[in-house]
Structure formats: C-alpha cells, structure tokens
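Here is the structure we will look at.
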Amino acid sequence: MTFGKGHHLHLIDGSAFIFRAYHALPPLTRKSDGLPIGAVSGFCNMLFKLVEDNAGPDAPTHVAVIFDHSGKSFRNDIYDKYKANRPPAPEDLVPQFPLTRDATRAFNIACIEVENYEADDIIATLACKARDAGGRVTIISSDKDLMQLVGDGVEMLDVMKNKRIDRDGVVEKFGVGPERVVDVQALAGDSVDNVPGAPGIGIKTAALLINEYGDLDSLLARAEEIKQPKRRQTLIDNAELIRISRDLVKLDCDMDLDISLDDLEVREPEAEALLEFLASMEFRTLTKRIADKLGVDTPVIPDTPRAIEAAQADAPDAPPITPDSYEWVKDAAALKEWIDLIYSRGWVAIDTETTGLDEMQADLVGISLCVNAGHACYIPLAHKASAGDDLFASDALAEGQMDLETALEMLKPVLADPSILKIGQNLKYDAKILKRYGLEMAPIDDTMLMSYALHAGEHGHGMDTLSDRYLSHEPIPIKSLLGSGKSAVTFDKVPIEDAVKYAAEDADITLRLWQLFKPQLHVKQVTTVYETLERPLSPVLAQMEMNGVMVDRDVLSRMSNAFAQKMAALEAEIHEKAGQPFNVGSPAQLGEILFDKLELPGGKRGKNGKYSTGADILEDLATEHELPGLVLDWRQLSKLKSTYTDALQDHINPETGRVHTSYVQTGANTGRLASTDPNLQNIPVRSEEGRRIREAFVAPEGKVLASLDYSQIELRILAHVAGIDSLKQAFRDGLDIHAMTASEMFGVPIEGMDPMVRRQAKAINFGVIYGISGFGLARNLRIPRKDAQEFIDRYFERFPGIRSYMDETVAFAKEHGYVRTLFGRKIHTPEIAAKGPKAGFAKRAAINAPIQGTAADIIRRAMIRMPAAIEGLPAKMLLQVHDELIFEVEEQAAEETIERVRNVMETAAAPAVHLDVPLVVDAGTGRNWAEAH
DNA sequence: CTAGAGCGCTCG
DNA sequence: GTACGAGCGCTCTAGC
C-alpha cells in the first residue's frame with residue numbers, strides 16, 4: 001500500500017508535548033530511585049489519549065512523533081545567535097528526554113529525529129510529501145512556526161485547546177495566508193528563538209506591509225516608497241537581517257529522510273513491550289488503564305524502594321569499564337564528531353590532564369570526554385615525544401595530537417553552552433585550568449559535591465573511593481603512569497596510548513557516578529542542599545582562589561631570620577639545661593630527657609610507649625624546671641618559622657606575586673570549607689608574636705584589606721535551635737553573652753564582674769557547643785573535675801533547653817544515622833551506634849554538627865550572593881576563615897563595600913530560615929590583615 | 001628512598 | 001578515655 005488519497009497522516013510535535021507535560025505536572029519522581037519522570041508521565045498520558053481518540057472516522061492511517069535533535073541545527077550556521085537566549089532545559093527534565101523517545105517506541109509509534117535539523121523541518125518535509133501524494137495531514141502542535149505549512153489538506157491541531165487551525169485560523173493569527181507567514185515572521189522576528197527581524201516591527205505592521213506590497217522581496221525592493229519615515233528606515237537598514245530571518249523561519253520541506261510515509265502506518269502497540277516500559281517507569285495508574293484496554297494482566301510494580309545495588313544490577317545496559325572502548329582523538333574531524341555527540345546528548349563528562357596539581361601553574365596536557373557509560377575519549381594536546389622518537393629535540397611534541405588552540409576553540413562554545421551540562425569530579429580544578437586558557441564552563445554538575453551532599457560523614461569523596469564503592473571498580477592508579485617520589489614524571493611525559501586509558505576512564509567513571517548520584521539527590525532529600533549550597537559555591541571559590549592574596553615576601557623573610565636567631569640561642573640554652581645536646585624538635589628525645597634523665601614527674605606514655613610532651617604537660621612542668629618553658633618558646637618559634645614564614649614564601653606564585661590557596665569544599669563533614677596549599681585558615685592571631693605574620697598579608701598600593709566576621713555566630717545558632725529565650729533575648733539586646741551567662745549561673749551582676757568568672761562562663765558556653773563533658777571542661781579550665789561537673793550541672797539547671805536539645809539531637813542521630821543543619825544539610829554519624837569511647841566521640845560530634853554546620857551554611861549562602869552584591873565595586877573577595885570574609889578593595893570604595901557585604905552576611909539565613917536572633921557582623925580595614933582584623 | 005603514622009601546633 | 005571542626009611540618013619507622 002502506498003500513501004496517497006484517502007490516507008491521513010498525524011505528525012506529533014514531540015518536543016512541544018514534553019515541555020507541556022513538564023510544566024503542567026508537579027515534579028514527580030520514580031519511587032524506587034527518585035528519577036524525575038513527571039514529563040515522561042504526562043507525555044505517555046498524552047500519547048495514550050491520542051491513541052484512544054484515534055478510533056473515530058477521522059482517525060489517522062499514519063502517525064509519527066517528531067523530536068528536536070538536541071543541540072545545534074543548520075540554522076546556527078546561518079545565524080550563530082539563533083536560539084541563543086533560550087535558557088537551558090531544567091535539570092530534572094534533561095534525563096527525561098531519552099525516556100520520551102523510549103515511550104514513543106513503546107507505543108509502537110514511529111519516532112523520528114534527525115541531526116542538524118529541527119523537528120519543524122522534519123514535520124514540514126513529511127507534510128509536503130503527504131500533501132503532494134494527495135493525502136490529508138494533521139500537525140499536532142500549537143507552534144506558530146508550523147503555520148506556514150497549513151493549506152491544501154494540511155491542518156494543525158492544538159490538543160490543549162482542542163482547536164483545529166486551518167487557512168482561516170492562520171489568517172486570523174498572522175493577517176496573511178500560510179504562504180506569506182514566513183514573510184511576516186521574517187519582518188516581525190521572534191524574541192524567543194532570537195530571530196532578529198526588523199526592530200520596531202511587530203506582526204500587525206508586518207502583515208500590513210506584506211498585504212500592501214505582495215511579498216517580502218517586493219517590499220524590500222520598494223522600501224523607499226514607504227511613507228512612514230521610521231518604518232522605511234528600519235527596512236532599509238535591516239534588509240540583510242530580515243533576509244537572514246526569513247532563512248531562519250522558513251522550514252525545510254525537502255530534507256533527505258531515510259524513512260518513507262509508508263513506514264508511518266499506524267500499528268497496534270505490542271502489549272508486552274508497552275507494559276514493560278510503563279511498569280519500569282512505575283506508572284501505576286496508567287499501566288493498569290492500558291493493560292485493561294489491551295485486555296491483558298496488569299504487571300506488578302513492586303512498592304519497596306530498591307537499594308543502590310539493585311539499581312545498578314538493574315542497569316545491565318551499562319557496559320563494563322574497560323579501556324578497549326576508549327578513543328584517541330587525533331584530529332579536528334574526530335573532535336567534531338565528539339562535539340556533535342555532546343550536543344545530541346545534552347551533557348558531557350569532562351576531565352583535564354595537566355602537568356601538576358597547582359591549578360595556577362600547571363599546563364594543560366589533554367582533555368577527556370565521556371557522553372555515555374563506556375563511551376569516552378581522550379584528546380592529547382601537549383604530550384612530549386619520548387626521547388627515542390626525535391634525536392634532535394627532546395621537547396618535541398608526540399605524534400597524533402591536534403593543535404591545542406584549535407581544540408580549545410572547538411570546545412569553547414560547548415563548554416559555555418547553557419544547554420550543555422558539564423559533568424566532572426572536582427570540577428573546580430578543571431574550571432580553573434581551563435579559565436587560564438580563556439575557557440568558561442557552565443552549567444556544571446560535580447560528582448564530588450553530589451557525593452558530599454549525599455554522604456558527608458560516611459566516606460571520602462575522592463574518585464578512587466567513589467569508584468570502588470559505587471562502581472566496584474578500581475581506577476588505574478596515576479602512580480602507575482607517573483611513578484612516585486624523586487623519579488616521578490609529569491603527565492606530558494606519559495605515552496599517549498597509556499594516557500588514553502587512564503584519562504578516558506576518569507571521564508567514564510565520572511559519568512557513571514553522575515548517573516547514580518543524580519537521582520539519589522531527590523531520594524535522599526538533599527537536592528536543595530546540592531543546588532543552593534554546593535553547586536553555586538564552586539565557581540565562587542574558583543574565583544577567590546584565582547584572585548589570591550598579596551603576600552610581602554620581604555616581611556616574611558625578615559621575620560624568618562629573626563626567628564632563626566632566637567631559636568639558635570634557645571637551643572643552646574636548652575642543651576645546656578638538659579646537660580647534653582639533642583633534637584629539640586623530637587618529642588621522643590625530649591621525653592627521655594625530661595622524664596628519664598631529669599626524672600621530672602607526670603611522665604605519661606602515649607600510644608607508642610613514648611612520653612607525651614604536649615604544651616599542656618610542659619606548662620605544668622614549667623614550675624618544676626626551667627627546661628620545659630624554654631622548649632615551649634622554641635616550639636612556638638619553630639612553628640612560626642617552618643609553617644608560616646618559610647613555607648608561605650614557597651607558595652607565592654611567581655607570576656602573580658600572590659598566594660593562591662585551594663578551598664576543599666568537601667573537606668569538613670559539617671559543611672565547613674578546608675583551605676590547603678597553603679592553609680590560610682590557620683594563620684596565627686592569638687599570640688602577639690604570631691599575629692605579626694598577618695602583617696605580611698597586604699593590599700596593593702591604593703587598596704586596603706577589609707575583614708568582616710560574624711560575631712558569636714555559633715552561640716547565636718545554639719540559642720535559636722535549642723530555643724533558649726534568655727539567650728535569644730540577650731543577643732537581641734546586644735549584651736555581652738559570656739558575662740550574661742556568668743550572671744545567670746552565679747547570680748552576680750554584669751557590672752564590675754570578675755574577669756575570671758566571665759572566663760569560666762565563656763569556657764562553658766564553648767564547651768556546650770562542643771558537647772560538653774566534666775573531664776573536658778576541667779582540663780580546659782584547669783580545675784578539679786568535680787568543680788567542672790558542678791558548673792555544668794548548674795548551667796543545665798539554668799538553661800534546661802540546652803540539655804533537651806542535646807538529648808534530642810543524639811536521639812535523632814541514633815534513629816536516622818545522621819543529623820541535619822537548619823538548611824537541610826545532612827551530616828552522617830555512623831559511629832553513633834558504636835560501643836566504648838567511640839560512642840562518646842560520635843555523640844559530641846552529633847551535638848556539634850548542626851551548630852557548626854548551620855553557621856557554615858550561612859556563610860556559604862553569603863558567599864554565593866557576594867559576587868552580585870559587590871558587582872561594579874572595585875572589590876574582590878579573597879579569603880574565607882569559617883566566620884570571616886576578607887576582601888581587597890580600592891580605598892575610596894571600602895566604606896561602600898563593607899556596607900554591602902555586611903548586609904549580605906547579616907541577612908544570609910533568609911529567606912530559607914528565620915532566625916530568632918540577629919546576626920551581627922564586625923568589620924575592619926587596614927593596609928594588612930593584622931590591621932584589618 | 002618513600003609512604004604513612006604519630007605528635008604537636010595553628011586557626012574558627 | 002574525652003571537649004567540635006580542620007591542615008601541615010617534623011620525626012621516626014616499616015618496608016621496598
């Protein structure tokens with residue numbers, strides 16, 4: 001049978017269906033694993049309704065669902081900004097795109113998409129073919145771009161409004177017949193698709209002009225005749241843009257399709273395949289309805305959520321992880337194919353290989369990509385030829401590599417494309433490397449951050465850990481390629497064939513982890529944490545790290561020399577008092593001197609049978625002998641010199657003259673950041689001598705450093721979460737909280753309070769945050785344990801809400817295995833069920849985590865909002881130290897900057913959380929960090 | 001020679 | 001046996 005007169009073709013605009021379904025329905029998720037399926041559900045219902053409605057006399061004989069092939073089309077070659085303003089598809093819709101194709105096939109309906117073309121072109125080509133063959137066509141869509149096809153037996157049907165659109169309908173909408181629709185659209189433009197058109201001309205005016213002049217070409221040719229000066233000028237000025245617009249809106253009726261109309265003949269669904277699909281989506285109602293209609297038994301959909309392991313076993317289509325499937329991309333043609341694949345998929349896992357771990361200095365060596373489990377490649381860009389390959393130049397590049405600049409030029413639009421999701425493991429690293437090469441990357445998903453949101457406290461979040469744990473696969477160790485220690489080489493020396501296996505595997509593993517984690521975010525109810533506290537922070541940190549802080553080498557160097565001299569003098573004195581030379585830096589040797597040779601009291605041995613010689617012990621011994629005090633002085637200098645004045649100099653970047661720390665977003669289980677290489681969160685401040693190190697952290701000429709820190713944020717949070725009215729009121733009244741505590745506990749007036757009493761209250765306040773114990777407080781205050789316990793008892797008596805908060809928190813942790821911050825962050829406490837000393841640790845950690853974690857969440861929220869808040873000011877955010885943010889700002893803008901930053905910090909909890917206590921931020925500025933703090 | 005544990009000290 | 005959360009430099013030793 002050949003398609004012809006008497007036949008009726010239905011062409012369904014699949015993409016329109018998907019978006020309509022997505023927006024019409026709440027965000028449904030599959031019960032077993034949280035996979036978002038709202039759009040698929042709506043899509044299936046719409047398909048089913050069509051099938052049901054197709055029983056009547058007007059039923060189609062042929063039907064097809066047409067989809068847009070994701071990514072770019074030939075129209076982008078005509079006009080590169082085509083559809084450029086279109087926002088990316090929502091996160092939870094992206095994984096549903098392929099499922100709607102599966103659904104179409106499950107209904108046994110032809111499913112068509114063609115690379116480089118839009119659905120509208122395929123619809124146009126099929127509609128023209130069918131019309132020419134003498135058949136009828138109904139286009140099921142409300143897209144006005146398709147109205148140019150109406151007429152001669154072609155109609156549109158808007159299923160939502162249940163309205164047919166024929167020739168008259170088109171005239172009603174455009175003021176012209178279908179054959180002139182393109183002309184009107186070319187003039188009017190379309191802001192949604194970013195079709196330029198002629199500025200100032202809308203559909204009404206366009207129709208008027210076309211009706212007057214006949215068609216677009218005549219209009220443009222006779223533009224001079226137009227009476228209205230503005231219209232005349234805009235048509236003359238924009239003639240070229242208008243012609244381009246016409247090319248953009250004109251649908252291609254003459255595509256080469258390898259499918260014929262006869263292939264589209266209506267087929268009955270195959271019950272088994274359709275029901276299997278519906279059951280796999282866990283659509284209970286629809287499965288039953290369709291099973292009933294088809295007259296077969298409804299398949300059973302299990303109610304119990306599957307475990308992760310089951311979900312994995314459930315995906316037999318994921319091929320095993322093997323280097324055999326990885327591709328070595330050698331030239332632009334091969335890379336182009338990968339880029340096309342990325343566009344067709346909508347996402348890509350990416351990983352960069354470099355010559356080192358310092359993102360501010362390492363060079364790019366290659367890039368790996370993965371679009372699908374097992375489908376990965378490596379693009380080597382700067383591998384060196386091995387010595388044997390080229391006798392003349394040892395730094396010659398190896399064969400089989402494409403030009404680095406060409407590759408980056410090709411990848412640049414993909415990485416910046418808002419419709420392409422870039423997936424990585426610790427993407428901040430790759431983003432910084434690529435940024436140094438001029439490439440921006442957005443939007444992103446980071447499997448490390450996902451793991452952190454899901455599993456903080458349960459395990460680490462490095463790729464090796466995750467791969468082993470969730471994919472049961474041990475990745476190729478980097479050491480097997482680079483070696484280790486002195487003989488280690490950089491990645492550019494690795495033979496490319498080895499690099500391909502290693503690098504592509506990393507991208508492959510990352511993509512697989514993403515596929516596992518993404519749906520889990522919903523299931524574990526940490527989507528908001530991930531989306532609002534993790535994902536948006538990563539680029540902010542990257543920018544801070546790249547900003548760096550200026551450090552004055554000379555200041556450090558001078559201090560270092562001074563320390564060295566003092567240490568030498570102390571060392572001589574120490575040896576003299578000890579009666580023999582020994583390594584003062586060796587606790588083991590010191591212990592023997594103190595406790596064996598000098599026979600001082602209190603020698604306690606640690607785990608390895610060595611004496612403990614910690615500061616607290618030496619302080620106690622200082623009353624017995626001169627030696628311990630000298631050692632303490634020596635240790636302070638030694639610490640300052642080695643960790644700060646010496647090591648810090650090595651971290652000054654030779655190109656920027658600044659120190660660029662790295663923040664580990666997943667470093668602390670509570671949500672705090674960790675700072676490494678170097679750690680700038682533990683620069684001395686408590687001792688006078690140590691604080692001087694901060695004088696080396698400076699602002700350049702004409703600028704100052706501004707430091708803003710939350711005052712007592714953790715105690716404020718404690719007052720809020722434990723609901724202690726008197727503490728909350730004290731914070732509202734701006735009282736000295738430690739003095740107030742002392743006053744409440746001991747019944748003494750705040751005025752003229754003994755500083756010792758206040759100090760004890762302060763220790764108790766902090767102790768509470770840490771999960772207080774009599775032993776700990778006793779040791780901290782150096783008072784008998786009994787006295788400490790009395791203090792604690794009295795404290796709980798006065799603030800009973802604190803005790804119940806602690807008890808409830810521990811009970812919650814025992815029941816659920818985790819605790820939560822006010823913003824929903826989960827911190828797992830797997831040891832809470834343990835016996836013995838571990839239980840104590842876990843209990844205190846569980847008490848502390850919601851407090852410390854909520855404070856961490858608040859400053860994260862402030863940091864995420866900060867770039868927008870200081871936009872336009874000559875100010876840069878440089879550092880975070882848990883409750884403090886440090887900025888570098890031009891002197892005359894310091895006041896304005898502080899005002900804006902303070903405002904963001906003080907309101908950072910809102911609107912997600914309303915605190916019963918105010919957040920207060922102290923601020924200071926100075927030429928260096930010591931002055932600013 | 002190297003990796004890792006343990007100690008001790010720095011910060012919030 | 002004990003305050004909560006981190007990173008890093010040094011010493012020392014087990015194991016290649």
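Quick note on labels: first sequence line is chain A, next is B, and so on, each numbered from 1. It should be emphasised that the depicted structure is a prediction, and the values quoted were computed from it without experimental measurement.
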Tell me what Gly840(A) touches on the nucleic acid: a base, only sugar-phosphate, or nothing, going by heavy atoms under 4.0 Å.
nothing
Rounded interatomic separation in angstrom, taking CG from Leu680(A) and P from dG12(B)
13 Å
What is the nucleic acid contact for Arg635(A), judged by heavy atoms within less than 4.0 Å: base, sugar-phosphate only, or nothing?
sugar-phosphate
Contact residues, residues 773-808 of chain A to DNA chain C [heavy atom, < 4.0 Å]:
Ser773(A), Phe775(A), Leu777(A), Arg779(A), Asn780(A), Arg785(A)
With a 4.0 Å cut-off on heavy atoms, is Ala855(A) in touch with a base, just the backbone sugar-phosphate, or nothing at all?
nothing
Starting at OH of Tyr452(A) and ending at P of dG5(C), how long is that distance when rounded to a whole Å?
12 Å
Nucleotide of dG7(C), dG12(B), dT10(B) approaching Ala674(A) most closely (side-chain heavy atoms)
dG7(C)
Does the distance from a Lys or Arg side-chain N to an Asp or Glu carboxylate O, for Glu534(A) and Arg825(A), drop under 4.0 Å?
yes
With sugar-phosphate meaning primed atoms plus P, OP1 and OP2, does Phe841(A) contact a base, only sugar-phosphate, or nothing at under 4.0 Å between heavy atoms?
sugar-phosphate
Take the C1' atoms of the five end pairs on each side of the helix from dC1(B)-dG15(C) to dG12(B)-dC4(C), derive the two axes, and give their angle rounded to 10 degrees.
0°
Distance, rounded to the nearest Å, where Asp646(A) contributes CG and dT10(B) contributes P
16 Å
Taking only the P atom of each, what is the distance from dA3(C) to dC7(B) in whole angstrom?
13 Å
Are Glu797(A) and Arg803(A) close enough for a salt bridge, meaning some N to O gap below 4.0 Å?
no
What's the CD1-C1' distance between Ile617(A) and dC9(B), to the nearest Å?
14 Å
Glu831(A) atom CD is separated from dT2(C) atom P, nearest whole Å, by 15 Å
Assess whether one donor atom and one acceptor atom, taken from the side chain of Arg844(A) and the base of dG5(C), lie less than 3.5 Å apart.
no
Determine the interatomic distance between C1' on dG1(C) and the same-named atom on dC9(B); round to the nearest Å.
22 Å
Distance, rounded to the nearest Å, where Leu715(A) contributes CG and dG12(B) contributes P
15 Å
Once you round it to whole Å, what is the distance between P of dT10(B) and CG of Leu632(A)?
10 Å
Distance below 4.0 Å between Arg672(A) side-chain N/O and dC4(C) OP1 or OP2:
no
Just checking, Lys641(A) and Phe563(A): is the charged tip under 6.0 Å from the six-membered ring centre and within 45° of the axis?
no
So Ile683(A), base contact, sugar-phosphate only, or nothing? Heavy-atom distance under 4.0 Å.
sugar-phosphate
Between Arg782(A) and Asp620(A), does at least one N-O distance fall below 4.0 Å, as a salt bridge requires?
yes
Does the gap between the ring centers of Phe812(A) and Tyr818(A) come in under 6.0 Å?
yes
Check: His738(A)/Asn765(A) side-chain N/O donor and acceptor closer than 3.5 Å:
yes
Students often get this wrong, so: under 4.0 angstrom with heavy atoms, is Asn669(A) touching a base, only sugar-phosphate, or nothing?
sugar-phosphate
Atom CG of Asn848(A) and atom C1' of dA3(C): how far apart are they, to the nearest Å?
10 Å
Readout for nucleotides 8-16 of chain C: B = base within 4.0 Å of protein heavy atom, S = sugar-phosphate only, - = neither; 5' to 3' it is BSSSS----
Using a heavy-atom cut-off of under 4.0 Å over every strand shown, decide if Gln636(A) touches base, sugar-phosphate, or nothing.
sugar-phosphate
Do other residues, nucleotides or ligands put more than 12 heavy atoms under 6.0 Å from Arg692(A) CZ?
no
Any chance the rings of Tyr795(A) and Phe791(A) have centres within less than 6.0 Å?
no
Just call it for Pro837(A): base, sugar-phosphate, or nothing, with non-hydrogen atoms closer than 4.0 Å on any strand.
nothing
Knowing that exactly one of Leu541(A), Val664(A), Thr666(A) qualifies, which makes a side-chain contact (heavy atoms from CB on, under 4.5 Å) with Leu673(A)?
Leu541(A)
Ser707(A) and Arg694(A) side chains, donor-acceptor separation under 3.5 Å
no
Could you tell me whether Glu592(A) and Lys597(A) have a side-chain N and a carboxylate O separated by less than 4.0 Å?
no
Residues Glu689(A) and Lys566(A) bridged, charged N to O under 4.0 Å
yes
Quick one: do the Tyr452(A) and Asp446(A) side chains pair a donor with an acceptor below 3.5 Å?
no
